[in-house]
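Beneath this line is the structure, given in structure tokens, with notes to follow.
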Amino acid sequence: MTTSVLLAIAALFATSCLVRILPVFVSIDLTDTTRRLLERVLPTAVFINFAVYILYSEATKAPLAAGVALALVAGIAVATRLGLIITAVLGSGCYYLLQSLA
């Protein structure tokens with residue numbers, strides 16, 4: 001693996017640890033409103049970070065397919081509440097179909 005790929009994996013791992021693991025061990029006094037906001041925003045931010053990493057790694061191979069798939073995933077994430085798995089499957093399917101047609 002290249003240095004940039006390893007760096008991206010390390011950044012995603014660190015972000016995931018900060019979002020998922022650190023809150024178990026560190027108690028932070030937040031208001032209920034702030035806590036609800038963070039519970040809604042942070043998982044979305046991690047997912048967007050993951051999607052951008054995938055775009056970055058795949059855009060060199062197939063920029064059109066990667067761009068359209070990321071736009072689809074972003075549109076689904078903003079417009080609906082389908083969830084992570086369904087959104088990832090739809091984005092992956094779009095990428096695969098565009099890659100097959102090209």
Side-chain angles (χ1 to χ4, degrees):
M1 280 191 231
T2 65
T3 304
S4 63
V5 170
L6 291 174
L7 184 61
I9 291 170
L12 287 171
F13 178 74
T15 303
S16 296
C17 287
L18 287 172
V19 172
R20 302 287 183 191
I21 297 172
L22 187 63
V24 172
F25 298 108
V26 177
S27 177
I28 301 171
D29 293 328
L30 300 172
T31 64
D32 287 340
T33 305
T34 304
R35 184 175 301 277
R36 277 191 300 261
L37 177 68
L38 288 176
E39 287 172 353
R40 195 173 68 232
V41 170
L42 284 178
T44 303
V46 171
F47 180 68
I48 290 170
N49 188 10
F50 181 64
V52 169
Y53 166 71
I54 291 172
L55 173 70
Y56 175 75
S57 64
E58 294 299 323
T60 57
K61 299 173 192 168
L64 178 64
V68 170
L70 182 63
L72 175 68
V73 167
I76 291 171
V78 169
T80 67
R81 302 295 254 180
L82 287 180
L84 177 64
I85 302 297
I86 294 172
T87 304
V89 167
L90 290 173
S92 298
C94 174
Y95 177 81
Y96 176 76
L97 287 175
L98 289 173
Q99 190 71 349
S100 298
L101 295 174

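These numbers were taken from a predicted model, which means no experiment stands behind them. Atoms considered below: every heavy atom in the structure, side chains included; atoms not considered: hydrogens, waters and symmetry mates.
Considering OH of Y96 and CG of L101, their distance stands at 10.0 Å, rounded to 0.5 Å. To the nearest 0.5 Å, atom CG of residue L72 and atom CG of residue L90 are 6.5 Å apart.
Between C94 and A69, the shortest heavy-atom distance links the atoms SG-CA, 4.0 Å.
Y95 and L97 are not part of a single hydrophobic cluster, where members link through side-chain heavy atoms under 4.5 Å apart. The hydrophobic clustering, which links ILVMFWY residues whose side-chain heavy atoms are closer than 4.5 Å, places L22 and F13 apart.
Here L70 pairs with A51, L55 under the side chain to side chain contact (heavy atoms under 4.5 Å, CB included) rule; sequence neighbours left out.
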Mind listing the side-chain donor-acceptor pairs of residues 28-37 below 3.5 Å, one per line with the distance, residues two or more places apart or on another chain?
unit_1 : atom_1 : unit_2 : atom_2 : d
T31    : OG1    : T34    : N      : 3.2
T31    : OG1    : T34    : OG1    : 2.8
R35    : NH2    : I28    : O      : 3.2

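Side-chain heavy-atom separations under 4.5 angstrom define the hydrophobic clusters, and the remaining members of the one that includes L64 are V68, L98.
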